[in-house]
A.B. asks: 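Below you will find the structure I want to go over with you.
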2 protein chains.
Amino acid sequence: MNKFTIKDIAKLANVSTATVSYFLNGNYAKMSINTRRKLADIISKTNYLPSTTARNLAKNENKTIGVSVADITNPFTSPVISGISERCEQYGYKMVFTNSNNDERREIENINRLRQEEVAGLIIDPVNPDGDIYNQLSNLYTVIVDRQSKRNLIDTIVTDNTKSVSEMTAKMVQKDYDDLYFISWPLDEVSTRIHRYTGFQQATHYAGDDHLLIVPYNYDLTTDTSFKDEVSQILGQTNKKIGFFTMNSRVLQELLKVTQSLAYNYASDFGVATYEEFEWMQLMRPGISCIRQDSFAIGYSAMEMLKNKIESKLTSEPKAKIKVIPTKEIIRESF
Amino acid sequence: MNKFTIKDIAKLANVSTATVSYFLNGNYAKMSINTRRKLADIISKTNYLPSTTARNLAKNENKTIGVSVADITNPFTSPVISGISERCEQYGYKMVFTNSNNDERREIENINRLRQEEVAGLIIDPVNPDGDIYNQLSNLYTVIVDRQSKRNLIDTIVTDNTKSVSEMTAKMVQKDYDDLYFISWPLDEVSTRIHRYTGFQQATHYAGDDHLLIVPYNYDLTTDTSFKDEVSQILGQTNKKIGFFTMNSRVLQELLKVTQSLAYNYASDFGVATYEEFEWMQLMRPGISCIRQDSFAIGYSAMEMLKNKIESKLTSEPKAKIKVIPTKEIIRESF
DNA sequence: CTGTTAGCGCGTTCAC
DNA sequence: GTGAACGCGCTAACAG
């Protein structure tokens, strides 16, 4: 698709490819002012672009990284990619992108496919960071984002899950709720869910799990009334002031769909707050209190960290670090 | 990062690289059952993965495409990428991803960077498809998505802009509004905005542009009252029933922020409908009527089209086609 | 100042 | 079952 190569340019200018190469690399001392002008002219006229792949090959460098995200349709993901891509641009890296669609098998395929390529490093937003495939990855060239592995062998960038939820929940506790509930997709050992739940428990001092409400992933209100029934039962108690903390924006949406179908209104009939912020939460009346996480910074830092590792050319795997990106509390009128 | 090469495997098995290559390609006739077993064993134990890049090189094939999106943070974009990535997976292509952040200069850089790579084709969600850079692109290996160029030289996938807006607006017209307004970011010759506006005009039969309201891109209500004042003036008229159609979800958000600050409520004080659908529009009370576009299908079809072009190995540029992806009307209570 | 040429990487494939 | 040339486009050491 790119017609011109260094040979074509050399031919057009009646010089050798070496001269063209020197020109491309700003090595002007090696040619006359005339050929320099001629080359500048020809290259701009032909729109010739040297192949970076060939360049990397010749220089024995590699400026491409592989990215695997758990689910591109999750609104959390876009800003992460944006951050990675911003840093890639600045560092002169290109990125090969894959999406696992929340499917662990697909994630394994993607990671393997990326490793087959000549890729200098990997940034992974994992479906399951405790899967076997992660044993084959080295901390020399990998950064994980969002979900943490229990093994903790690879550098990971996370947000302030436990602390921020604990602080927000504490604010709810102060409002004298009779019962607070944490609503989540099945915990399934997913670190983000567990850490947020831990924050909730720290603030409420609930001992068991009877204040944990699970909503199925891709919950369909019309065919499965389990979650709706639980919520209905909780809100149906007379003279009890109830509050919910939802584990992310999609769980919040499930809760609101259910409470609307039951004809309860948040803020007046019950209190609510959520992890994650999106603009619509400010448009809803009353506004919804939430925890804003800086997903862009997650991606940005991940690429920063990866580049430093790659270019420091370590020979043995560094000890895994965890970097925590702070969140921000947004208090509105929903509780 | 991938330690093992075909040479390592050959050495470990005490055979030549040729034999390993034959094994990898299922060419078992060329070796004894013993070496076949030995190789199977060694390859699984070492987790050896042949480099697809080298393979492409040797076979003179190229299974990677480049993608440039206008703005990854636009919620329209994720499903498009998801569709592209799904098809890439199915076709065995990998994708190199870039984001232009709504900056035309950046878009030019990205496209050039992608062309520098050995990339078999390009899918572009353009910032400005009428920019000069598009003259350098060939319809042999490019597909454009969402925004159309006036020159119409390159295959493009769009949605049903004019027709769907016209139909939705017609429904508003039936409700006896005294005035309907189309709200948009500056038209700036952007095809999606113009086509949607055209649909609005078709249904309302307004002649001039006095029913077109422009909200600045990244409008900040606190420092710029221009748009707010216009809305205030329109809604302040006594005894007039007013309706708005917003050009996308972000413009809708701007409108709602403004009307909320003016203490007007949609549905009761004025009617509203919008292009684009997101789940929160169903959570807002009253629910917001909108036009659902199938962004996933846009990406999916784009990769389909691109693959067909690339692999048909045409020698002259095909005449540009426009493929229209249908939308769906969602009627709720907002007008 | 300019040209020649042997690599760079790793798999493929043909002649033996 | 093997050795070795080959595919790509660029780089850089060396020769002139």
A.B. asks: Judged by atom type as modelled, is there a donor-acceptor pair below 3.5 Å linking the side chain of B:Asp155 to the main-chain atoms of B:Lys321?
C.D. replies: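 Checked: pair present.
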A.B. asks: I want to check something: taking the side chain as every heavy atom from C-beta on, are B:Val67 and B:Ile81 in contact at a cut-off of under 4.5 Å?
C.D. replies: no
A.B. asks: What does B:Thr53 touch in the nucleic acid at a heavy-atom separation under 4.0 angstrom: a base, only the sugar-phosphate, or nothing?
C.D. replies: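 Nothing: the residue B:Thr53, judged by heavy atoms under 4.0 Å, touches no strand.
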A.B. asks: Would you please say whether a donor-acceptor pair under 3.5 Å links the side chains of B:Asn139 and B:Lys309?
C.D. replies: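 Checked: B:Asn139/B:Lys309 side chains pair up, N/O donor to acceptor below 3.5 Å.
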A.B. asks: Nearest-Å distance, CD (A:Gln116) to C1' (C:dG11)?
C.D. replies: 13 Å
A.B. asks: How do B:Ser16 and A:Leu24 order along DNA chain D: which one's closest nucleotide is nearer the 5' end?
C.D. replies: B:Ser16
A.B. asks: B:Tyr22 has a side chain; which of D:dC10, D:dA12, C:dA15 sits nearest to it?
C.D. replies: C:dA15
A.B. asks: With the threshold set at 4.0 Å, does a side-chain nitrogen-carboxylate oxygen contact exist between B:Glu86 and A:Arg106?
C.D. replies: yes
A.B. asks: Using heavy atoms and a sub-4.0 Å distance, could you list which residues of residues 55-68 of chain B are near DNA chain D? By number, please.
C.D. replies: B:Leu57, B:Ala58, B:Asn60
A.B. asks: Cut-off 3.5 Å, side chains only: do B:Ser16 and B:Thr19 have a donor facing an acceptor?
C.D. replies: yes
A.B. asks: Nearest whole angstrom, please: distance from the P of C:dT4 to the CG of A:Asn14.
C.D. replies: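 To the nearest whole Å, that distance equals 12 Å.
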A.B. asks: Rounded to whole angstroms, how far apart are NZ on A:Lys30 and C1' on D:dA12?
C.D. replies: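 Rounding to the nearest Å, NZ of A:Lys30 and C1' of D:dA12 are 8 Å apart.
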A.B. asks: Might you work through the side-chain contact (heavy atoms from CB on, under 4.5 Å) test for A:Ser68 and A:Leu114, ending with a clear yes or no?
C.D. replies: CA-CA 8 Å; A:Ser68 164; A:Leu114 290 171; 4.3 Å; yes
A.B. asks: Of the candidate nucleotides C:dG11, C:dT13, D:dC14, which contains the atom at the shortest distance from the side chain of B:Ala18?
C.D. replies: C:dT13
A.B. asks: I want to check one thing: is the phosphate of C:dT12, taken as OP1 and OP2, less than 4.0 Å away from some side-chain N or O of B:Ser21?
C.D. replies: yes
A.B. asks: Classify B:Ser51 by what it touches in the nucleic acid, base, sugar-phosphate, or nothing, heavy-atom distance under 4.0 Å.
C.D. replies: sugar-phosphate
A.B. asks: What is the separation between atom CD1 on B:Ile6 and atom P on C:dC10, rounded to the nearest whole Å?
C.D. replies: 11 Å
A.B. asks: Nearest nucleotide by nearest heavy atom, which residue falls closer to the 5' end of DNA chain C, A:Thr17 or A:Ser32?
C.D. replies: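 The residue mapped nearer the 5' terminus is A:Ser32.
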A.B. asks: Between A:Tyr48 and D:dC10, does any side-chain N or O lie under 4.0 Å from OP1 or OP2?
C.D. replies: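 Result: yes.
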A.B. asks: Figure out the CE/P separation between A:Met31 and D:dA12, and round it to whole Å.
C.D. replies: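 Distance check: A:Met31 CE to D:dA12 P gives 13 Å.
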A.B. asks: D:dA13 C1' sits how many Å from A:Asn25 CG, rounded?
C.D. replies: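 My rounded result for the distance is 15 Å.
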A.B. asks: Quickly work out the B:Lys7 NZ to D:dT2 C1' distance and round it to whole Å.
C.D. replies: 15 Å
A.B. asks: Heavy atoms under 4.0 Å, any strand shown: does B:Val15 hit a base, just sugar-phosphate, or nothing?
C.D. replies: sugar-phosphate
A.B. asks: Give a yes-or-no answer on whether the side chains of A:Arg87 and A:Gln90 include a donor-acceptor pair shorter than 3.5 Å.
C.D. replies: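 The criterion, which ignores hydrogens and geometry beyond distance, is satisfied for A:Gln90 and A:Arg87.
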A.B. asks: For the pair made of CZ in A:Phe23 and P in D:dT11, what is the distance, rounded to whole Å?
C.D. replies: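 It is 13 Å, rounded to the nearest whole Å.
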